[in-house]
Every structure is written in structure tokens, then in C-alpha cells.
> 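My questions all concern the structure below.
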Amino acid sequence: MFSIATFNVNSVKARLQNVLTWLDAAKPDVVLLQELKCETDAFPRMEFEDKGYNLAIHGQKTYNGVAILSKYPIDDVITRLPGDDADEQARYIEGIISLKGKAVRVASAYVPNGQEVGSDKFAYKLKFYERLRAHWAQTLRHHEIAVLGADFNCAPYAIDVLDHRSQDGMVCYNALEREQLRALMNLGLYDAFRLKHPDVKQFSWWDYRGAGYEKGNGLRIDHVLLSPLAVDRLHDCIIDEEPRKQEKPSDHAPVVVTLNI
DNA sequence: ATGGTTGAACCTCAA
């Protein structure tokens, strides 16, 4: 069995103990991290290497930042999403994991939040989705076991928000964003959690403001999307709320997929 | 909810 998780940590330095404790408990083979909020050189490498992880890091000062942790070698790393050479934001990293003679393509993405529907940041969010879709349209032609884990900042279905009637139209649950996420999925990328749990209403993010977690008011915006060959091997997908219950948590919970490899 | 919290870095922005 091979396990791969996506986790928006909201600062890897502020979250170090929380994340290390979770790694000891969950023991994932690969972790796709988002929102490092630190430069590549400032990443606390040793703490993760001591637990047996190889690292591929694409950091940035203050904002964004993504990384891949892997118990297996990581090769052919790319850190730019094609389609906008002027984009300096560190929101994408991809590589090839080699295990048991098999190659697994993995990618970690931090889709922009968009802040407010109609804003410049919202336009950047929609553009980012278009770039993600163009890149994965090409990537899927390789017919690999491929896994895209991300903070998509978009709840895809009505069940993925607390009350879809009152919340429809807000940022992260808006027809324009859902259209983009669905178009990405329609390339042939499958939402692992929804495949395994068609009727479960569970969130992956809760706002710090207004005690969102305590009130059960969140969104399912962190997803692990699988290529068809990865779906063939899908064993389970869970949202692990344990780190969200601890002191000084991220506002996100990790999503963990297990594959029969 | 023209509010509420958190993190990084600065005296505010992004989420």
C-alpha cells in the first residue's frame, strides 16, 4: 500500500510541530504541501529528512510556497505552471516518484483564493485554472499513474458546503470556479474522496474566524485528483481531522489517499 | 457581519 496526502499547512514554520506529530501518526509515503510561507532556503529540511523524506521545495517569501515530501526518490521536478512567464507566485510543483519499479507522477498546487468574486485576484484564479487544465491535458496523454493534490480553493458540489442555497455565489463556491474545477476533472481526473464516499459531507477547511471548526462550518476545497490508472489502484481516501483538533492548527486538514501499489 | 482569526512582516496584506 502506498499513501499520498495533500496538506495546506498555512506556514510550515508555524506548523512544524503540528505537522511532524501528524507525520508520525499517519506515516504517509508522499505529502503534497501548500502555503509554506517561507523561502526555499528557509525550509526546515532537516526535520523532515530525519523522518526519511526526500524533498522538492518551491518556496517564496511571506506567501504561497509548495513542496513534495517523499519516502521514495523524486525526479524530473518542475516548479512552473506553463502559460504565464510573468507569474512569480510559487503555487505549483510536480515530480516523478519511483517506487517498486513504477513511476507515479505527483503534483502539489495552491490555487489562488480569489479574495472577492470579480476582483483582479479572482481573474488570476480563473486564469490559473485554465493554465492547470492546459498543462494536465498534456500530462494525461502519458497514461501514467498520476496524482494532483491541491488546495483548489473551490468546493465542487452542493454537498461540499454547509448550506449551498445561501452560500452559492461566494468565493470558493461560485459557478465560475466550479466550472473551472469541473472542466479540469472532465479531462479525466477523478475526485478520490467523492469516489469513495459519494454521500459523506465532510470539510477540509474551516475559517479561524467565527470558530468555524467548532461550529462545523467549513468547505471541502482540498482535493486529491487521480488519473484513470491511479483510480484503478484506489483503496481509500480520508480527510484526517486530527491535526485540526490540536493546538495551533492549520485552518486546513490533510486529505489522504491510499493506493494499491 | 463595515465582523470575526491567523501568519508573516511591517506599521498591513492575504487568506
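Residue numbers begin at 1 in each chain, while the letters A, B, ... track the order of the sequences.
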> Write out all pairs satisfying ring-ring contact (aromatic ring centres under 6.0 Å, His included) with one or both partners inside residues 101-149 of chain A, taking only residues at least two apart or from two chains.
A:Y92-A:H135
> Using whole Å, what does the distance between atom P of nucleotide B:dA8 and atom CD of A:E35 come to?
10 Å
> Might you work through the side chain to side chain contact (heavy atoms under 4.5 Å, CB included) test for A:D160 and A:R194, ending with a clear yes or no?
CA-CA 10 Å; A:D160 298 318; A:R194 203 44 80 203; 2.5 Å; yes
> In terms of heavy-atom contacts, does CE of A:M46 have more than 12 from other residues, nucleotides or ligands at under 6.0 Å?
no
> Taking the side chain of A:K61 as heavy atoms from C-beta outward, which of B:dC10, B:dA15, B:dG7 is closest to it?
B:dC10
> Treat a base pair as Watson-Crick or G-U wobble with both distances under 3.5 Å, then lay out DNA chain B in dot-bracket form, 5' to 3', with | for cross-strand pairs.
....((((...))))
> Under the side chain to side chain donor-acceptor pair (under 3.5 Å) rule, collect the residues that match up with A:R45, sequence neighbours excluded.
A:E49
> Can you check the A:M170 CE to B:dG4 C1' distance for me, whole Å?
15 Å
> Starting at the 5' end of DNA chain B, which residue's closest nucleotide do you reach first, A:A14 or A:A211?
A:A211
> Between B:dA1 atom C1' and A:E116 atom CD, what is the distance in whole Å?
14 Å
> Kindly give the cluster partners of A:I57, where membership spreads through any ILVMFWY side chain lying under 4.5 Å from a current member.
A:F7, A:V9, A:V12, A:L16, A:V19, A:L20, A:W22, A:L23, A:V31, A:L33, A:L36, A:F43, A:F48, A:Y53, A:L55, A:L69, A:I238, A:V256
> Round to the nearest Å and state the distance from A:D251 atom CG to B:dA15 atom C1'.
7 Å
> Return no unless some side-chain N or O of A:R15 is found under 4.0 Å from OP1 or OP2 of B:dG7.
yes
> Evaluate the ring planes of A:F203 and A:W206, with Trp represented by its six-membered ring, and classify them as parallel (under 30°), tilted (30 to 60°) or perpendicular (over 60°).
perpendicular
> Would you please classify the geometry between the A:H252 ring and the A:W205 ring as parallel, tilted or perpendicular, with 30° and 60° separating the classes?
tilted
> Whole angstrom is fine here: how far is it from NZ in A:K248 over to C1' in B:dA8?
11 Å
> Could you pull out the protein-nucleic contacts involving nucleotides 11-14 of chain B (nitrogen or oxygen on both sides, under 3.5 Å)?
residue	atom	partner	partner atom	Å
B:dA14	OP2	A:K121	NZ	3.3

> Would you indicate which nucleotide in B:dT6, B:dA9, B:dA15 comes nearest to any side-chain atom of A:T62?
B:dA9
> What integer number of Å spans the P atoms of B:dA14 and B:dA1?
25 Å
> If the P atom of B:dT5 is compared with that of B:dA9, how far apart are they to the nearest Å?
22 Å
> Please identify each residue that fulfils side chain to side chain donor-acceptor pair (under 3.5 Å) with A:D207, with sequence neighbours left out.
A:R209
> Give a yes or no on whether A:D163 atom CG has more than 12 heavy-atom contacts from other residues, nucleotides or ligands under 6.0 Å away.
yes
> How many whole angstroms separate atom CZ of A:R209 from atom C1' of B:dA1?
11 Å
> Rounded to the Å, how far apart are A:W205 CH2 and B:dT6 C1'?
12 Å
> Measure from CZ on A:R244 to P on B:dT5 and round the result to the nearest Å.
14 Å
